[in-house]
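Okay, so here's the structure we're looking at.
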Amino acid sequence: MCGISGAALEAGDVGPILYDSLKRLEYRGYDSVGEAAVINGKITIKKDAGKIDEVERKLRISDLRGTVGIGHTRWATHGAPSQENAHPHTDCNGRVAVVHNGIIENFMELKQELEAKGHVLKSRTDTEIVAHLVEENLKLKIGFVEAVRQAAKRLDGAYALAFVCADEPNKIVCVRKESPLVIGVGTKASYLASDIPAFLPRTKSAMLLEDDEMAVLTCDQIRVMKVDSGEEVVRKPFTVEWSVETATKGGFPHFMLKEINEQPLTVRNALRTQPIYLELMASAMNRAKKIFLLACGTSYHACLAAAYVFANLAKIEATPVIASEFIDSYGALIDADTVVLTVSQSGETADTLTAVRGAKDRGATILGLTNVMGSTLTRLSDVYIGQNSGPEMGVAATKTFTAQYSVLIKIAVALAQKRQTMSSKDLERLEGGFDQLPEWISATLSSQNENVRRIVEKNSDKGSFCFLGRGVSVATALEGRLKLLELSYLPAIAYPAGESKHGFISVVEEGYPVLFIAPKDEAYPKIVGNVMEMKARHAHVVSLVEGNDDQIASLSDETIQMPNGIPPPLTPIVFIVPLQLFAYRMAVTKGYDPDFPRNLAKSVTVH
Ligand code: AGP
């Protein structure tokens with residue numbers, strides 16, 4: 001998830017405007033930055049790896065001359081942060097420049113086709129191929145706009161693209177499919193950006209581009225058309241009521257609530273991980289004699305859920321381990337036949353990196369899953385995957401949990417196919433589930449938001465809470481508990497429901513709140529018994545149940561209704577959402593800042 005911006009002015013230079021707009025988009029990505037402008041029939045580019053202010057100090061990107069230009073702030077997905085991989089990217093002759101937010105899924109085959117035609121690609125990004133595709137089309141003398149349209153028709157994936165061309169210097173052409181792109185209607189100026197905050201100080205008049213639409217911007221005109229047919233579309237601008245600060249949070253009061261609501265998109269992005277990387281990871285795991293899943297905090301809970309999936313889908317043992325305990329507990333078992341799949345949102349958690357270095361010293365193969373390309377974990381890994389959730393500003397991990405676990409399931413499926421341990425029927429059902437995940441999350445967010453707010457208000461005076469689940473839902477329970485604990489500072493408890501009889505149950509008294517995570521999976525019949533045990537001790541039972549549930553719902557004091565028929569391995573991705581909301585609402589109800597809870601850091605870089 002990157003930030004793109006553009007401006008077409010009647011007069012003046014775009015440098016300072018692009019610089020300011022990228023600063024306002026920095027929350028979308030900040031590992032490299034760049035700008036391109038057309039002046040005197042040539043495209044000038046300034047770009048480098050590093051945060052915007054660092055690159056500004058080095059290259060003075062705000063000094064870029066020219067009335068028409070595009071800019072980009074990056075959150076790497078393909079190709080680690082570097083000067084070559086920074087955007088904008090150009091074609092062979094530097095006549096076309098492009099910036100991009102999203103993923104071009106078929107970039108590998110287009111790259112081979114272009115290289116076969118003699119194109120030379122300078123970066124490891126998926127984006128650069130688009131500039132060369134436009135270059136190819138320009139040879140047909142069809143003009144810049146049509147060259148972009150024909151190129152866009154060949155792309156699969158999610159993208160917001162913006163182009164400038166030295167042959168037609170007064171225009172910016174942009175295209176949208178699934179990635180956000182908004183247009184700002186100025187006076188003798190037109191703007192574009194991934195998000196409204198970028199141009200809000202300059203105009204409150206905006207225009208949305210729909211999927212599979214493109215627009216041509218000049219300083220005094222904005223034309224919108226359909227990519228497929230080229231047919232013109234009439235689009236009316238609207239007035240933005242938000243302040244810049246609110247706009248940066250997408251209209252939400254806190255980053256955490258914004259990030260909870262981003263999950264339909266970030267889960268879809270994670271499920272789009274390139275098959276080649278899944279294959280590389282599955283092969284390494286298939287060759288291994290011992291497999292460990294290594295992480296801390298929320299990332300560890302993703303590993304815990306993944307262990308269930310590796311066992312049940314790929315019939316392989318993968319041991320989830322808390323990083324700070326790894327070497328002390330398992331050091332003696334690690335050798336060259338060991339694979340350590342390491343999960344870290346930041347890629348910089350000290351406990352995790354120390355454990356990885358200890359494993360490497362013992363000959364293990366390191367597989368990395370992170371949200372930060374170019375992080376230390378990517379440099380220590382033999383193979384790594386970027387989960388592409390975009391920056392997570394809230395200290396409490398939300399969207400990165402569901403994205404991490406989504407990638408881990410995809411790796412398990414690739415391994416199961418390699419080991420032929422899944423029936424085609426089960427595979428089909430799971431693939432169907434992947435497609436429905438974004439909708440299930442959206443449906444839960446819209447249908448349960450007020451219900452969760454009501455349950456929190458009713459129980460906000462309680463001094464402690466307990467979360468219980470079975471099977472894969474043990475991880476959901478532990479993650480729900482961690483969110484509540486770190487945001488509301490309440491001593492919350494979580495247990496495998498069956499284990500609750502061996503100790504925790506002594507804590508239960510009249511009205512003690514127990515939250516059950518109870519999807520209709522193979523553990524359901526047993527968890528019904530656990531609910532009855534808690535009710536027998538007068539606990540206040542809140543159950544997350546499927547909409548058509550009649551058993552547990554009737555036993556519970558309150559229910560949170562979840563979509564029906566989610567394949568069991570996928571339930572943590574949807575059932576965690578109301579628990580994220582629960583923790584968020586409890587923090588707000590208690591007057592705490594849900595974005596920056598006390599005593600915690602987004603990345604724990606100390607032991
Ligand atoms: C979770 O909300 C916390 N921020 C924390 O437990 C976090 O998951 C842990 O520090 C691991 O961070 P990482 O994924 O960046 O390695």
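Just follow the structure's listing: the first ligand is 1, and inside any ligand the first atom is 1.
For ligand 1, none of its N or O atoms has an N or O atom of Gln404 under 3.5 Å away. Residue contacts with ligand 1: Lys602 is placed with no nitrogen or oxygen under 3.5 Å of a nitrogen or oxygen of the ligand (distance criterion only). For ligand 1, the polar-atom distance check against Ala397 finds a nitrogen or oxygen pair separated by under 3.5 Å.
The ring of Phe401 has its center no closer than 6.0 angstrom to the ring center of His301. Between Phe467 and Tyr495, a ring centre-to-centre spacing not shorter than 6.0 Å is recorded.
Residues forming a side-chain hydrogen bond (donor to acceptor under 3.5 Å, both in side chains) with Thr342 (at least two apart in sequence, or on another chain): none.
Among all non-hydrogen protein atoms, the one lying nearest atom 10 (O) of ligand 1 is Val604 CG2, 3.9 Å. Looking only at protein heavy atoms, the nearest one to atom 15 (O) of ligand 1 is Ser346 OG, 2.7 Å. Ranking the protein heavy atoms by distance from atom 11 (C) of ligand 1 puts Cys296 O, 3.4 Å first. Nearest protein neighbour of atom 1 (C) of ligand 1, counting heavy atoms only, is Thr298 OG1, 3.1 Å. Nearest non-hydrogen protein atom to atom 12 (O) of ligand 1 is Thr349 OG1, 3.5 Å. Ranking protein heavy atoms by distance to atom 3 (C) of ligand 1, first place goes to Glu486 OE1, 3.5 Å. With respect to atom 6 (O) of ligand 1, the closest heavy atom belonging to the protein is Gly297 CA, 3.4 Å.
Using a 4.0 angstrom heavy-atom cutoff, Lys483 counts as in contact with ligand 1.
For atom 14 (O) of ligand 1, the candidate residues are Gly347, Ala295, Ser299; the nearest heavy-atom contact is made by Ser299.
Annotation: cation-pi geometry not satisfied between Lys410 and Tyr405 (NZ/CZ under 6.0 angstrom from ring centroid, within 45° of ring axis).
For the pair Lys290/Ile334, no side-chain contact is recorded, criterion being any heavy-atom separation below 4.5 Å from C-beta on.
Salt-bridge annotation for Lys47 and Glu84: absent, with no side-chain N of the basic residue lying under 4.0 Å from a carboxylate O of the acidic one.
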